[in-house]
Amino acid sequence: MQGAAIRERFSAFFKARGHLLVPSAPLVAEDDTGVLLTTAGMLPFKKVFMGLQAPPHPRVVSIQKCFRTSDLDQVGLTVRHHTFFEMLGCFAFASYFKPEIIGWAWEFLTRELGIPPERLWVSVHEDDGEALELWRHQGVPAERAIRLWGDESFWDSGATGPCGPCSEIWFDRGPEAGCGKAECGLRCGCDRFVELWNLVFMQFDRDEQGALSSLPDRNIDTGMGLERLAMVLQGVSSTFETDLLRPLVDHAAALSGIAYGTRDRSDVSLRVLADHGRAAALLLADGVVPGNEGRGYVLRRVIRRSIRHGRLLGLTEPFLADLASRAIALYAHYPELPANRDRVLEALGEEERRFHLILAQGMQRFAQALHEHRGAKTLPGEVAFELLDTHGFPLDLTIELARDHGMTVDLVDVQRRLDEQRARARNAQRPPGLLDHVRLRTALATQYVGHATVREQVKVLEVFRAGDRWGVVTDRTPFHPEGGGQQADRGWLGVHRVEDVRTLGACIVHLLAAGEEPPPEGKTLAAQVDEERRAGLARHHTATHLLGHALRQVLGAHAQQAGSEIREDGLRFDFRFPRALTPDELRAVEDLMNREIWRDLPVSAAETTLAEARAARALELPGERYGDRVRVVEISGASRELCDGSHARTTGAVGTVALVRETGVAAGVRRIEAAAGPAALAHFRSLRTALDATAAVMKVAPSEVPARAGRLLERLRGEERLRGAAERLLGAYLQGATGPRDALVKILLDPLPPELLASLAGKLAAPGRAVVVAGVAGGRAAAIASV
Ligand code: SER
C-alpha cells in the first residue's frame, strides 16, 4: 500500500467515525507552543487541550507535517530516524476516551490495513489497568500486552502544557530482525520492535516546576508515523525503502553515481541526503530562512549536513536544488511546496554556494594548521576558533576532521575564546555609554507625554554629570528618547539645548549640548521639542511600517524585519531575505508604499495588553521583549505593529517615499535605505543634478544620456579588445623573433586604429631590427617605420 493510499485510508476511517479532517498546520510552530517547529500532530491543538480555545470540532483527524531535531545527528546512521516526518493523528476533545480509541486503533490496523494481529504488541502505563483490560478485550494475549514504567509510558511535548499517560502499539518484525538475545523484548531497543502508534490519554497540564494539574476535560491525542507504517505495510526493513523516501534515495544515488546498497558508509550519506533534502524543502516552503539562530539555524544545519554528506559521495557541484525539486514533486500534495518552488530552489542554491565557499577556504586553512601542528595530539583551540570566527567553518566539522587525523580539539579553550568574543561583541555594540555608571537618586519614573504634545511644563527632578555633558531628569517630558530604531528628539528645556534623550531605568534623561549649564533641581521649565526634526522622524517611522508591509506583500511573510534605523532625513530597514531584490520587486515595493501614502490612510495608536495585541495579530519584532502593556500602531487597512515610536497622523503626511539603495548586510539579511518627504525630494534632486551635469558634458539632452553613454562604452570596449588582441599576437611573435631572419612578419588585424600603430612599433623595436607597422581603419591607411 503506497503512502498516498495510507493517508487516504486513515482520514476516511476517522471521517466515517465523526472526525473532521483538518489540513496540516505549518512546520513553523505558533509562538506560544514552547517549541520552534511543530513536533507532533497535537501541537496546533495545545490551547484547545488546555481549555483556552474552542476546538474546530470535537473530533479531528489530521496528517501533520512534523519536524524533530533531537535525533538530527542520528539521521542517516540508522534506517529509521528522520528530521521531517508525517504524523497520522486523531484527536478527541472531551468527546470519547479509552474504549473508543483502543477499539478503533485495533480495528484500523488489523481489519482496515490487514496487519496480522499476532504481529502486534501493546504497552500501557504501569498504573493503567483499565487500558490493559481494554486491550485484552480486543483479543491481545497477556504476553503481548505489557506495562511500562514512568516516562516510558507518559507523553509530553517537551515543554509545559498538556500531557498524559499513553499506550503504544508496536509491530514485531520477527526474531530474525532482532538482536537474538533471550531477553529481547519491547524495551530492548534493537530493530525487532517498531513503535507504530501512540495513544495519549491527555489528562494533565504540566507547569514550569513540573507539577501536574488536571486538564478541564479528558482528551485523546494519537499519533502514528506515516513512514513507519508504510515500512510495515510495504514489507521493507527501512523507512528509506518505502515509496515515501526511496525515490529520493535513488535520486541522490543517481546524482552521485553510487547506488544504494553499495557500501555502508555511502548508504548513510544517501539516507542523509534523502531525509535532509525533503526536510529543507518543506522548511523553506513554510517560510523558514537559513540563519544563525532558532529555526533558521536548524535549517542551516540540515542544509550544511547534507552538503557535507554530498561531498563524501563525491558531489562537489551544487546538488541540493536538484534533490529538493524531486522532493517537491513527490510531496506536491502539500500545496505550499509547488507554490513556493522557485523561492525554495533559489534559497537552497544560494545557501549551498555560500557554504561551498566557506568549506573551500576552511579546508585550506585546516590543512595548513595540520602541517603546523603535525605530530601533536591536540589541535589548539585557537585554530578551531579562528576557523569558526574568520572563515565561518563549523566547529563540528573541525572536530571531525581532527578526529580523522587522530587529533582532538581543545574545546575548553575554544569555549573560553567564544565567551571572550561574545563579551567583546556586547561592548562593541554599545560604546561605553554616558549613562552606564549613573545611579539616580530619583525613585520616580518620568511620564512620557510626547505622543500627544511637543511642549509641556516639566519639573527638574535631578541633574547629574554625564561625561562632558549634563543629564537632566524631569517628572514628565514630551521628548521621545532613542529607542526601537528611532533616534532621539532634540529641542530645549527652558533655555538649555537638549541634544540627545535616553532612557535610564524608568526615567527619561535629557542630555544637554556640551557647554550648556544645567537648570537647578526643583525648577519648572517649558520643554519644547524641535518640531521639524520630530516631523521628520515621524514621517520616516510611518514609512518604515509601510516598507515592512510592502516587503511582506511583495516578497512573502518570511521577509521579516531584522533591524531598523529611523533618522530625520532617511531610514534604514534590515530584513531577512536570501537574495538581492530584482528591479521589478523594488519598484513594486516603492509603488505600493506610495499608493498607501496617497490614499492618506489614518494612523492610530492604542494601548492594550500583550495578549489582546497578539489576539489581534499585531506584528511583533522577532527577538523583542514586550511588557504586559503595549502600544499598537495601526495604519488603517495596511499594518498593525507593536511600536512605541512617533508617527505621522495620516500616511499622506509622509508625502512620498523613494527607495535609495538595496544591499546585503549579512548572510540572508538585506538592507533597504529609503527617504521620505523632503528627504525624498532631496534624493531625486541630487539624481537630477548629476544627470544634468552628465548631459551637459556629453552635449545631449538628459533623456539621451543612456543611449549616448552606451555607445561610448561600446566603442571603448571595442578598442580595448583590439588592443588586447594586437598585443597578444605581438607577444607571441616577439617570443620567437631573435634576429634579422624574421625580417618580414605580417600580422593581420582589421581594423587597426592608427593610435595603436605607434605603441606596436615601440614594442617591436629591438637592436638591429627595422620595423614597419601599417594598418587600415575607417577607410584610411597609416604606416610607421622605425629602426
Ligand atoms: N503526541 C503524541 C506523540 O507525538 C501522540 O500524537 O507521540
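Counting starts at 1 for both ligands and their atoms, in listed order.
- Shown in contact with Thr222 at under 4.0 Å from a heavy atom are these atoms of ligand 1, numbered in order with element: 5 (C), 6 (O).
- Using modelled atom types, one finds a donor on one side chain and an acceptor on the other under 3.5 Å when comparing Thr78 with His81.
- Considering only non-hydrogen protein atoms, atom 6 (O) of ligand 1 sits nearest to Asp221 OD1, 2.7 Å.
- Met87 counts as a contact of ligand 1, since one of its heavy atoms falls under 4.0 Å from the ligand.
- Asp286 places no side-chain N or O within 3.5 Å of a backbone atom of Val28 that could act as its donor or acceptor partner.
- In terms of polar-atom proximity, defined here as any N/O pair under 3.5 Å, Thr39 makes no such contact with ligand 1.
- Taking distance alone, with nitrogen or oxygen atoms compared against 3.5 Å, Gly223 approaches ligand 1 more closely than that limit.
- Nearest to atom 7 (O) of ligand 1 among the protein's heavy atoms is Asn198 ND2, 3.1 Å.
- With values rounded to the nearest 0.5 angstrom, Glu86 atom CD is found 5.0 Å from Leu226 atom CG.
- Ligand 1 is approached by Arg68 to a heavy-atom distance shorter than 4.0 Å.
- Heavy-atom proximity to Ala40, at under 4.0 Å, picks out these atoms of ligand 1: 4 (O).
- Between His82 and Phe84, the gap from one ring centroid to the other reaches at least 6.0 Å.
- For the residue pair His125 / Arg147, no side-chain donor-acceptor distance below 3.5 Å is found, with atom types taken as modelled.
- Of all the atoms in ligand 1, the ones that sit under 4.0 Å from a non-hydrogen atom of Val200 are 2 (C), 5 (C).
- Each of the following atoms of ligand 1 lies closer than 4.0 Å to a heavy atom of Met42: 1 (N).
- Phe108 and Phe10 have their aromatic ring centers within a separation under 6.0 angstrom.
- Arg278 and Tyr331 share a side-chain donor-acceptor pair at under 3.5 Å.
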